*Asks:* 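Before I ask anything, let me first share the structure, which is written out below as structure tokens.
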Amino acid sequence: MLYDYPRIEKKWQAKWDEAHAFEAKQDFSLPKYFALVEFPYPSGQGLHVGHPRPYTALDIVSRKKRMQGYNVLFPMGWDAFGLPTENYAIKNKIHPKIVTERNVARFKSQLKSLGLSFDWSREINTTDPSYYKWTQWIFLQLFKSGLAYKKEMAVNFCTSCKVVLANEEVISGSCERCGAPVIRKVKSQWMLKITEYAEKLINGLDGLDFIERVKAQQINWIGRSTGAEILFDTTTGDQLKVYTTRCDTLFGATYMVIAPEHEFVDKHRSLIENIDEVDAYKLEASKKSDFERTELVKEKTGVELKGVKAINPANGNEIPIFVSDYVLAGYGTGAIMAVPAHDERDWEFAKKFGLPIVEVVAGGNVEEAAFTDVATGVLVNSGFITGLEVEDAKAKMIEFLEEKGIGCGKVNYKLRDWVFSRQRYWGEPIPVVNCPKCGWVAVPEDELPLELPEVESYEPTENGESPLSLMTDWVKCKCPKCGGAAERETDTMPQWAGSSWYFLRYCDPHNDKALASREALEYWMPVDWYNGGMEHTTLHLLYSRFWNNFLHDIGTIGVAEPYAKRTSHGMILGENGEKMSKSRGNVVNPDDIVRDYGADTMRLYEMFIGDFEQAAPWNPQSIKGCKRFLERFYNLVEIADGNGTTPELEKHIHKLIKKVESDIDSMKFNTAIAAMMSCINTIYEVGKITKDELSTLAKVLSPFAPHVAEEVYSLLGNEGLVSLAKWPEYDESKTKDDTVAMPVQINGKVKSVVNLPVNASKEDALSCAKADEKVAQAIEGKTIVKEIVVPGKIINIVVK
RNA sequence: GCGGGUGUGGCGGAACUGGCAGACGCGCCAGACUUAGGAUCUGGUGGACUUCCGUGCAGGUUCAAGUCCUGUCACCCGCACCA
């Protein structure tokens with residue numbers, strides 16, 4: 001029979017649609033399963049072969065769960081706000097809404113052609129006002145809770161996109177999207193206090209089934225450190241506060257360093273004798289981007305503040321104060337106590353400027369290098385903490401500081417607040433109004449959504465303001481509080497906004513009273529399995545956990561953590577093993593593969609290509625193997641009849657069901673497919689199979705290659721869809737063999753293999769082994785030293 | 001520097017708590033059917049070659065190591081002057 005995949009695939013896709021086969025049921029009494037893949041940004045390029053890998057994987061999971069009786073929610077939507085669409089709109093003078101519609105239509109037809117079992121009745125689009133109404137609503141809740149605030153700050157500004165970027169969007173000093181250099185620019189920005197949730201975002205990971213690298217990366221990104229804040233008196237009469245993780249080394253602090261942006265300098269200008277030199281240094285530092293300041297392993301620079309000194313509170317010594325850009329303004333207090341004997345950076349700086357290096361923890365040679373080992377050191381030259389180990393010394397020091405009222409224990413995070421403003425058109429308008437009298441006032445919730453106005457040009461203004469700022473009619477409004485003249489915020493939200501809560505909307509996508517009904521959220525949340533790219537670990541994944549935690553805190557949703565399980569797929573690389581990209585010319589178009597081999601082959605190949613979590617290069621040759629397998633499966637219909645089976649085949653099928661089931665649950669799709677291939681090979685060897693058995697095989701294969709499975713299932717005379725059939729159950733006893741081939745080793749080297757009953761005794765096994773000709777030969781004339789029999793595994797006879 | 005990961009045939013990759021290394025697929029070789037085949041089917045396929053050697057490298061534990069331990073090298077990803 002000809003495997004006519006275009007006809008088969010079209011036919012079953014139509015039948016699934018007709019039957020609404022994959023729509024999640026509204027029956028909340030059923031056991032539920034919420035499987036989620038990251039919704040795509042509908043770019044102009046269309047689907048990439050990388051997209052279907054995770055989609056197919058969770059499609060397999062969803063299809064199997066559905067067959068196992070779960071009420072499955074497997075939704076899809078569009079994360080459609082964003083720069084590429086806007087840039088395309090600017091260039092071609094088309095409304096971004098039109099561009100988005102076009103791209104979405106293309107993506108959707110591509111996804112449909114793959115036979116993915118998405119519940120399209122729940123399709124969402126972040127640019128839809130009925131959707132972003134709730135994105136804005138969440139922002140207002142954050143605003144009302146004091147978690148959204150406006151701040152003048154130096155931000156990352158992409159010179160090409162003319163847009164502010166979050167720290168997470170800056171890669172090695174360049175814009176994540178376009179690669180243009182990023183500069184620092186002072187702007188007034190909306191910020192979200194994600195730092196307030198730092199602790200929760202770390203602790204929340206505890207009970208979650210996230211792959212280790214995701215947890216580690218998030219923890220690393222949040223960067224919790226435990227230390228102390230200490231106040232130093234200075235000769236100005238003012239005090240300087242520092243943050244340190246090594247308060248035990250306070251006696252070794254021989255100078256202080258403040259960041260160039262630190263307010264101390266401006267506050268005490270008149271006392272600083274070399275103020276010109278200091279100003280020059282500050283100016284130089286301010287010109288550099290964050291990247292330039294940190295990039296090179298360069299020599300440390302700095303300027304001493306002449307005429308002022310600080311006092312070490314431990315020993316009363318006067319110590320110099322420096323300005324240096326190796327101290328960051330944005331972390332801790334922007335000032336440090338320098339302990340050159342026990343900190344590499346301070347050591348380097350001290351060596352360059354000839355500053356004293358005083359050893360306070362014994363164990364190293366501080367003239368040679370900083371001694372930073374905290375596990376073995378013992379305090380010296382340190383007054384009341386001399387002789388203590390580091391950890392004890394820290395505790396004692398904090399006690400001392402608190403007693404004196406000059407310090408306390410303190411936890412710091414590397415995580416920064418989230419820069420939430422973009423000066424762009426194609427994003428959710430931030431629903432607040434600036435009133436000269438009342439300040440920033442929330443747009444009333446009943447006025448949401450605050451829709452994007454039509455504008456003449458989508459281009460940001462020359463000074464980097466949003467194009468919305470030119471819409472005077474839209475900007476001018478009345479203050480919701482006092483009714484006076486006021487102006488709307490013209491910044492829009494970043495692309496991350498819409499994706500920070502989309503999983504909630506899927507639970508109840510058409511609700512116009514709330515972001516989702518309480519019952520739907522209670523039933524569906526948390527997401528049972530969320531798969532997505534590693535590149536989103538410190539962005540989307542962290543942001544959405546933050547929002548969900550927040551919504552939990554204000555009572556909108558019952559669970560704090562949105563995702564019970566998080567996994568990540570490996571990238572599909574080009575044939576040459578490099579990342580696929582237009583410039584490298586190694587891009588594969590999924591449409592071509594579907595056309596030339598069929599969707600089932602495409603799906604199967606992407607799952608068979610390698611370990612799901614690992615990157616794998618595309619190989620056009622290998623696809624054929626998957627197609628051959630499906631053809632061979634399809635042609636079994638001609639062999640299948642009502643005649644009796646063989647016990648061997650029966651067992652093989654029971655084993656197969658068991659293996660495929662557990663392999664899907666543990667993401668080992670490649671070995672599940674290998675097992676199915678083996679099984680089909682066996683059937684061709686045996687030369688027969690019953691219709692019932694083939695129907696069972698169709699069920700087992702259906703999550704992977706659903707179209708051909710449906711076709712075979714129906715050709716065999718079965719009623720209904722295999723996609724909605726009951727997942728076959730295996731008989732545990734039939735997955736076990738009665739006899740086992742046991743390798744026999746002599747001194748650890750395999751000499752022969754003997755067939756034994758599974759439950760053979762050690763004595764029987766050994767006598768059987770020794771009866772073997774080759775074994776007998778090998779042990780003849782030797783002394784048996786030891787005999788090992790591992791039932792079902794191996795026999796090893798040690799001889800001398 | 002810190003954190004995470006990966007090294008197995010010509011290639012992608014298998015190998016559960018240590019127990020026949022190389023499942024499955026690609027490629028390759030031979031044969032069959034063909035006017036033909038970049039289609040299909042059948043058989044073979046780690047390397048030397050009859051006894052060994054082989055899972056990045058060097059040691060160790062064990063009756064037995066890809067798997068455990070110690071050391072080491074290479075590559076990939078994330079963060080990076082975070083005090």
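Computed from a predicted structure; not experimentally measured.
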*Asks:* Please find out if less than 6.0 Å separates the ring center of Phe349(A) from that of Tyr255(A).
*Replies:* yes
*Asks:* Determine which nucleotide pairs with rG22(B), using a 3.5 Å limit on both distances of a Watson-Crick or G-U wobble pair.
*Replies:* none
*Asks:* Check every strand shown and say whether Asp346(A) touches a base, only sugar-phosphate, or nothing at a heavy-atom separation below 4.0 Å.
*Replies:* nothing
*Asks:* Nearest whole angstrom, please: distance from the P of rA80(B) to the OH of Tyr331(A).
*Replies:* 13 Å
*Asks:* How far apart are the closest heavy atoms of Lys241(A) and Ala335(A), and which atoms are they?
*Replies:* O-CB, 3.5 Å
*Asks:* What is the nucleic acid contact for Ile788(A), judged by heavy atoms within less than 4.0 Å: base, sugar-phosphate only, or nothing?
*Replies:* base
*Asks:* Side chain of Ala616(A) only, please: which of rG13(B), rC53(B), rC41(B) is the nearest?
*Replies:* rG13(B)
*Asks:* What integer distance in Å separates His652(A):NE2 from rA23(B):P?
*Replies:* 15 Å
*Asks:* In a table with atom names and distances, give each donor-acceptor pair under 3.5 Å that connects a side chain of residues 787-798 of chain A to protein atoms at least two apart or in another chain.
*Replies:*
residue   : atom : partner   : partner atom : Å
Glu787(A) : OE2  : Lys770(A) : NZ           : 2.7
Asn796(A) : OD1  : Gly748(A) : N            : 3.1

*Asks:* Categorize Ala338(A) for me: base, sugar-phosphate, or nothing, with a 4.0 angstrom heavy-atom threshold over every strand shown.
*Replies:* nothing
*Asks:* What is the pairing partner of rC41(B), taking Watson-Crick or G-U wobble pairs with both distances under 3.5 Å in any strand?
*Replies:* rG31(B)
*Asks:* Between the base of rC20(B) and the side chain of Lys793(A), is there any donor-acceptor pair under 3.5 Å?
*Replies:* no
*Asks:* Checking all strands, does Lys668(A) fall into the base, sugar-phosphate, or nothing category for heavy-atom contacts under 4.0 angstrom?
*Replies:* sugar-phosphate
*Asks:* Base, sugar-phosphate, or nothing: which does Asn670(A) touch, judged by heavy atoms less than 4.0 Å apart?
*Replies:* sugar-phosphate
*Asks:* Choose from rC24(B), rG27(B), rG3(B) the nucleotide whose nearest atom is closest to any side-chain atom of Ala216(A).
*Replies:* rG3(B)
*Asks:* Nearest to the Ala674(A) side chain among rG78(B), rC26(B), rA23(B), which nucleotide is it?
*Replies:* rA23(B)
*Asks:* Report which part of the nucleic acid Val790(A) touches: base, sugar-phosphate, or nothing (heavy-atom distance under 4.0 Å, all strands).
*Replies:* base
*Asks:* Regarding Asn412(A), tell me which of base, sugar-phosphate or nothing describes its non-hydrogen contacts under 4.0 Å with the strands shown.
*Replies:* nothing
*Asks:* How is Gln745(A) classified with respect to the nucleic acid when contacts are heavy atoms under 4.0 Å: base, sugar-phosphate, or nothing?
*Replies:* base
*Asks:* Paired with rG66(B): which nucleotide, if any, by Watson-Crick or G-U wobble criteria at under 3.5 Å for both distances?
*Replies:* none
*Asks:* Taking atom CD of Gln777(A) as the centre, report whether more than 12 heavy atoms of other residues, nucleotides or ligands fall under 6.0 Å from it.
*Replies:* no
*Asks:* Does any nucleotide pair with rU72(B) by Watson-Crick or G-U wobble geometry, both distances under 3.5 Å, and what is it?
*Replies:* rG56(B)
*Asks:* Nearest to the side chain of Gln621(A), which nucleotide is it out of rC53(B), rG27(B), rA83(B)?
*Replies:* rG27(B)
